[in-house]
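Structure first, commentary second.
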Amino acid sequence: MSDAPARSRNPLAFLDAEIEELKAKGLYRQLRVVESEQKSRCVIDGREVITLSSNNYLGLNTHPKLRQAALDAVERFGAGSGAVRTIAGTMSLHEELEQRLATFKHTEAVLTFQSGFTANTGVIPILAPEGAVIVSDALNHASIIDGIRLTKAERKIFPHADIDALRSSLREIRAADADRTVLVITDGVFSMDGDIARLPEIVEVAEEADAVVLVDDAHASGVLGRNGRGTVDHFDLHGRVHVQVGTLSKAIGVLGGYVAGPASLRTVLEHKARPFLFSTSHPPAVAAACLAAIHVLETEPELIERLWENARHFKAGLEKLGFDTGNSETPITPVIVGAGALAHRFSDRLFEEGVFAMGIGFPTVPEEKSRVRTIVTAEHSREELDTCLEVFERVGRELAII
Ligand SMILES: *Cc1c(COP(=O)(O)O)cnc(C)c1O
């Protein structure tokens, strides 16, 4: 037996303190559990609700063609890929998906990653080696922020969508050093506000400074541009945005991320992007379902039309009721209420009344801009959206938001 003295201190006690702090701040949340297929109506925590919280913009995650493609791939290739891409984990389906995406996006090459998150953490350190400078929008996604943190580059944050600030920042950088690599990063669609990046102006000021432009189109993939090709296509900027990050996890309905750009970028990523090198590739069913999704985008454009009709109807309804919907221009519509506690109360009451819309507060958005975020999809019927509007009106009045 050891004669060391018995210890009573729990070395993980700081976790309990952290949980207490979350509770004290009203930030403690329990995960909502979806117990059915992800449709516009779902069973969540035992209750049937209309969901306004899914990124399944086009309903593709239950589309018959995607289901069938996934099933066929499991039959033919099995459940997993067995290795990282650089060892034995590159399957013909992965290569086929990348070629298909490159054609779809009108770029030389595409490399897929396990998620949009890992696409950003993989590509940003490659585009911004030591000595480079990154200029990033203040509201860019967490995966961009983490990607930047992984670099040794200098970073400058410009106020959200402030083109004048971006221009002066770029001019200052260039005046000091004519040769430095400069990388400008923006979300294509900002996920908390639903506004679209001012990409034509961003490209113009970046061109003046010979800066590289990276746009992260996670919420624009499958939503904006012809057949959902994204913001570069939406603004007709083909050939002027160097790198596009996309996700396969939102409108595409499956899982994954990708980097679309020049062939040279793909080659360097293959050799150096850490999530690509050190994390196992997608199961065959994922790649096969993504391939089917691109086919659906190309052959069923009516899904995107319905998405936008629904978005316009719902947004106009919220505005007519007097809600503050900020600067939204896409199917993401925030309902800004002010304090975080009120946003969570609003969300909880909506849920009790059969509508699932997530409350979002600090640190995701500033405390005084806390909100309930809504996302409509192509799958919502008019009747479901009108039911949601009635519930928003009733609960909004009850909580004196309108
Ligand atoms: C959702 C999102 C991601 C992450 O994509 P996943 O495929 O879910 O990992 C990256 N960037 C932005 C802007 C996003 O909204």
Side-chain angles (χ1 to χ4, degrees), residues 34 38 53-58 60-61 66 94 97-98 101 105 110-125 127 134 136-150 157 160-161 183-199 202 213-225 228 230-232 234 241 243-261 273-276 279-283 286-287 289-290 293-294 328-334 358 360 363-365 371 373-375 377:
V34 183
Q38 289 247 6
S53 290
S54 175
N55 299 317
N56 181 28
Y57 288 101
L58 303 173
L60 294 193
N61 61 10
L66 275 77
H94 297 129
L97 174 60
E98 286 163 346
L101 279 168
K105 297 286 286 185
V110 159
L111 194 68
T112 54
F113 286 77
Q114 297 85 352
S115 65
F117 199 105
T118 51
N120 276 326
T121 56
V123 72
I124 293 170
L127 292 171
I134 301 171
S136 177
D137 187 289
L139 292 191
N140 277 345
H141 189 258
S143 57
I144 293 175
I145 296 170
D146 284 13
I148 294 173
R149 285 180 180 155
L150 292 171
I157 310 302
H160 175 53
L183 172 63
V184 177
I185 309 181
T186 183
D187 278 13
V189 169
F190 289 86
S191 53
M192 290 301 141
D193 293 87
D195 55 325
I196 305 173
R198 295 164 66 180
L199 207 52
I202 292 173
V213 177
L214 185 164
V215 59
D216 175 357
D217 255 350
H219 279 283
S221 308
V223 173
L224 278 171
T231 48
V232 171
H234 173 75
V241 170
V243 185
Q244 300 172 60
V245 167
T247 181
L248 302 163
S249 325
K250 290 175 176 153
I252 308 305
V254 195
L255 172 72
Y258 60 90
V259 175
R274 294 172 69 83
F276 187 83
S279 184
T280 297
S281 59
H282 280 151
V286 168
C290 291
I294 297 164
S328 167
E329 307 166 82
T330 63
I332 299 172
T333 308
M358 206 65 190
I360 293 168
T364 312
V365 296
R371 63 199 59 193
R373 186 182 66 158
T374 68
I375 299 180
T377 71

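Indexing begins at 1, ligand by ligand and atom by atom, following the structure's order.
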- What atoms of ligand 1 come closer than 4.0 angstrom to any heavy atom of Thr247? 5 (O), 6 (P), 7 (O)
- Message: Taking 4.0 angstrom as the limit and counting only heavy atoms of Asp187, give me the atoms of ligand 1 inside it, by number and element.
- Response: 13 (C)
- Going by heavy atoms in the side chains, are Val223 and Val189 under 4.5 Å from each other? no
- Query: Taking atom CD1 of Ile157 and atom CD1 of Ile145, what is their separation to the nearest 0.5 Å?
  - Reply: 7.0 Å
- Item | Contacting atoms of ligand 1, where contact means under 4.0 angstrom from a heavy atom of Asp216 | 10 (C), 11 (N), 12 (C), 13 (C)
- Please report the closest heavy-atom contact between Val243 and Leu127, naming both atoms and the distance. CG2-CD1, 3.9 Å
- Distance filter under 4.0 Å to Gly256 heavy atoms, resulting ligand 1 atoms: 7 (O)
- Message: I need the atoms of ligand 1 closer than 4.0 Å to a non-hydrogen atom of His219, numbered in the order shown.
- Response: 15 (O)
- Item | NE2-CG distance between His282 and Leu97, expressed to the nearest 0.5 angstrom | 9.0 Å
- One finds that the ligand 1 atoms under 4.0 Å from a non-hydrogen atom of Ser249 are 6 (P), 7 (O), 8 (O)
- Query: How many angstroms lie between atom OG1 of Thr231 and atom CD of Gln244, to the nearest 0.5 angstrom?
  - Reply: 6.5 Å
- Message: So does Asp187 get a backbone contact from the side chain of Asn140, meaning a donor-acceptor N/O pair under 3.5 Å?
- Response: yes
- Item | Test item, Ser143 contacting ligand 1 (heavy atom, 4.0 angstrom) | yes
- What residue and atom, counting heavy atoms only, is the protein's closest point to atom 15 (O) of ligand 1, and at what distance? Lys250 NZ, 2.6 Å
- Item | Test item: Ile124 and Ile144 side chains (from C-beta on) under 4.5 Å apart, heavy atoms | yes
- Task: May I ask you to identify the nearest protein heavy atom to atom 4 (C) of ligand 1, giving residue, atom name and distance to one decimal place in Å?
- Result: Phe117 N, 3.6 Å
- Query: About how many Å separate CG of Asp193 and OG of Ser328, when rounded to the nearest 0.5 Å?
  - Reply: 8.5 Å
- Message: Checking a contact table here: which protein heavy atom is nearest atom 5 (O) of ligand 1, and how many Å away?
- Response: Gly116 CA, 3.4 Å
- Message: Give me the residue, atom name and distance of the protein heavy atom closest to atom 3 (C) of ligand 1.
- Response: His141 CE1, 3.4 Å
